[in-house]
Amino acid sequence: MFEPTAPREAPIHPLALRLSGKAVLCVGAGAVSERRVNQMLEAGAQVTVIAPAAVPGIEELADAGRLTWLRRGYGPGDLEGMWLAHTATGDRELDARVSADAEGLRIWCVNASDHAASSAWTPAVARTGEGITVAVTAGGDPRRAAGLRNAIALAADTGLLPLRRRRAGTGSVALVGGGPGDPGLITVTGRRLLAAADVVVADRLGPRDLLKELDPSVRIIEVGKAPGDHLASQDEINAVLVREARAGNRVVRLKGGDPFVLGRGGEEAAHCRENGIAVEVVPGVTSAVSVPAAAGIPVTHRGVAAGFSMATGHDELTELPARPDHTLVLLMGVARLGRNTATLLGRGLRPDTPVAVIERGWTPDQRVTIDRLDSIAATAEAIGVANPAVVVIGDVVRLSPHAAGRLAPAVPAPGRQPLPVA
């Protein structure tokens, strides 16, 4: 339990209660009581509510037989046999009487009208997927407690708290898409799984900075691939995932972009399942969309491009649309940039179609090169463009702030009106 103690108040003694099967009384049946009743029912308590009228939620619980509702006011003897009491009638005098009666019977009582007079407080509770419960009381201030609880829950979900558990004996694999490389672009689920991992099987293009934050006991197995330089073959990677999971480890396969977008995640998932290994797939932000965005290029834009196609630079482009109003995004396309642009020119794509090459997207040394379709290959070679890079072909490139002064504005597709471009 986390308790910021006010300097002039007596410190409290944090305590967790096991209420399963215990009798609990709630006096009052408004919105505050409804929240508390649900929490006590979740803990397995046998709840009695006393109030002449109740909010619909409490009525429904009573009708379902989940609690006992006495449709009357509070009276003498109502606390007999109770382990815990909660009073939230909205009447400060009545709440004070219930609290005083409970004190006389040595029953802990939460007084919602006056936390300073309460013998017990209800904390704001956060539960993590790791079986950890965090309770915050914040001196009885419910708003402050809820704010702190939410901050702690967020830190737990994003992997900022050290919640790794001891090895449980049954291993698993999570294929986590790490996004284009910026550590802030991994999903919350991916970040949490990474923080809980025993073993991380890492790609070259994943969010490498996150690896530096891992606990020193986490083993990192590098299997990154670069053109012409593979640290591990796909078969070797598949074998590593199965071997480590069978050893009881929680394995995170940290991949750049999205694991199912040109990432061979489908092959890895299938191999694990064929070998009896549980697999979780966590989507990531694909570089096909996010890297153009880093250069201010939307792959679709009303009145400019209604769709886009994605391929690797090694694919044949003869089957893809070749129109300025349909965006082409090529991954790993630097080596064959000249051949691919020649193919598109041969298919009738205008020579002045704009092209952007974004190198090292979302990193501090990102570079954006913009030119025409008929000259981009020569320009890229002259300035030494290199992978990792994403190539974007189409009129949407004109919308990039990097295109200002270099390209004419986008030409609207027939029948469409473009949005104003800032």
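Here, residue 1 is the first one in the sequence, and each next residue gets the next number.
Counting only heavy atoms from C-beta outward, the side chains of Ile277 and Val251 never approach each other to under 4.5 Å. When side chains are defined from C-beta on, Leu317 counts as touching Leu330, because their heavy atoms get closer than 4.5 Å. Side-chain atoms of Asn275 and Arg246, non-hydrogen and from C-beta on, do get closer than 4.5 Å to each other. When side chains are defined from C-beta on, Met310 does not count as touching Val289, because their heavy atoms never get closer than 4.5 Å. Side-chain contact between Val390 and Val329: present, with at least one pair of heavy atoms (C-beta onward) separated by less than 4.5 Å. Within the 4.5 Å cutoff, no side-chain heavy atoms of Leu84 are placed close to those of Lys22. Residues Val47 and Arg66 fail the side-chain proximity criterion, which asks for heavy atoms closer than 4.5 Å. Contact check for Thr187 versus Pro283: no side-chain heavy atoms found under the 4.5 Å cut-off.
Annotation: the span from Asp101 atom CG to Leu79 atom CG amounts to 6.0 Å, rounded to 0.5 Å. Atoms NE2 and CG, from His326 and Leu320 in turn, are 7.0 Å apart once rounded to the nearest 0.5 Å. Here the CG atom belonging to Asp114 is positioned 8.0 Å from the OG atom belonging to Ser99, to the nearest 0.5 angstrom. The distance from atom CZ of Arg97 to atom CG of Asn111, rounded to the nearest 0.5 Å, is 12.5 Å. In this structure, OG on Ser172 lies 11.0 Å from CG on Leu241, to the nearest 0.5 angstrom. How far CG of Leu105 is from CD of Glu80: 5.5 Å, rounded to the nearest 0.5 Å.
There is no side-chain donor-acceptor pair under 3.5 Å between Thr89 and Asp91. No hydrogens or angles considered: a donor-acceptor pair under 3.5 Å links the side chains of Gln234 and Asn238. For Asp258 and Thr286, the side-chain atoms include no donor-acceptor pair closer than 3.5 Å.
At distances below 3.5 Å, not a single donor-acceptor pair connects side-chain atoms of Thr312 with backbone N or O atoms of Met332. A donor-acceptor pair under 3.5 Å links the side-chain atoms of Gln366 to the main chain of Trp362, judged by distance alone. Judged by distance alone, with hydrogens and angles left aside, the side-chain atoms of Glu359 form a donor-acceptor pair with the main-chain N or O of Ala386 at under 3.5 Å. A donor-acceptor contact shorter than 3.5 Å is absent between the side chain of Thr353 and the backbone of Pro324. In this structure a side-chain-to-backbone donor-acceptor pair under 3.5 Å is present from Thr327 to Val299. For Trp69 (side chain) and Asp63 (main-chain N/O), no donor-acceptor pair under 3.5 Å exists by modelled atom type. Judged by distance alone, the side chain of Glu236 and the main-chain N or O of Ser233 form a donor-acceptor pair under 3.5 Å. Between the Arg208 side chain and the Asp203 main chain, a donor and an acceptor come within less than 3.5 Å of each other. A side-chain donor-acceptor contact under 3.5 Å links Asp78 to the backbone of Gly75. The backbone N or O of Glu244 sits less than 3.5 Å from a side-chain atom of Asn249, completing a donor-acceptor pair.
Arg92 and Asp95 are not joined by a salt bridge, as no carboxylate oxygen comes within less than 4.0 angstrom of a charged side-chain nitrogen.
Residues forming a side chain to side chain donor-acceptor pair (under 3.5 Å) with Thr68 (at least two apart in sequence, or on another chain): none.
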CA sep, side-chain torsions, deciding dist, call: Leu194, Val176, side chain to side chain contact (heavy atoms under 4.5 Å, CB included): CA-CA 8 Å; Leu194 185 62; Val176 174; 6.0 Å; no

Pair Arg191-Glu213, salt bridge (charged side-chain N to carboxylate O under 4.0 Å, His left out): steps then yes or no: CA-CA 11 Å; Arg191 184 69 179 81; Glu213 301 176 8; 2.7 Å; yes

Evaluation steps, side chain to side chain contact (heavy atoms under 4.5 Å, CB included), between Arg219 and Asp198: CA-CA 7 Å; Arg219 282 191 296 118; Asp198 301 309; over 6 Å; no

Steps toward side chain to side chain contact (heavy atoms under 4.5 Å, CB included) verdict (Ile376, Ile393): CA-CA 10 Å; Ile376 184 64; Ile393 303 170; over 6 Å; no

Residues Val355, Val391; criterion side chain to side chain contact (heavy atoms under 4.5 Å, CB included); working and verdict: CA-CA 7 Å; Val355 181; Val391 180; 3.8 Å; yes

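Here the closest heavy-atom approach between residue Ile297 and residue Ser400 is recorded as CG1-CB, 3.5 Å. Nearest heavy-atom pair across Pro183 and Asp209 is CG-CB, 4.2 Å. What you find for Ile107 and Ala85 is that their closest heavy atoms are CG2-N, 4.1 Å. In plain terms, the two heavy atoms of Asn387 and Gly333 that are nearest each other are OD1-N, 4.3 Å. Residues Ala295 and Val368 come closest through the heavy atom pair CB-CG2, 3.8 Å. When all heavy atoms of Arg398 and Ala403 are compared, the closest pair comes out as O-CB, 3.9 Å.
At most 12 heavy atoms of other shown residues, nucleotides or ligands fall within 6.0 angstrom of atom CZ in Phe308. At most 12 heavy atoms of other shown residues, nucleotides or ligands fall within 6.0 angstrom of atom CZ in Arg18. For Glu267, the CD atom counts as densely surrounded, since its 6.0 Å shell holds more than 12 non-hydrogen atoms of other residues, nucleotides or ligands.
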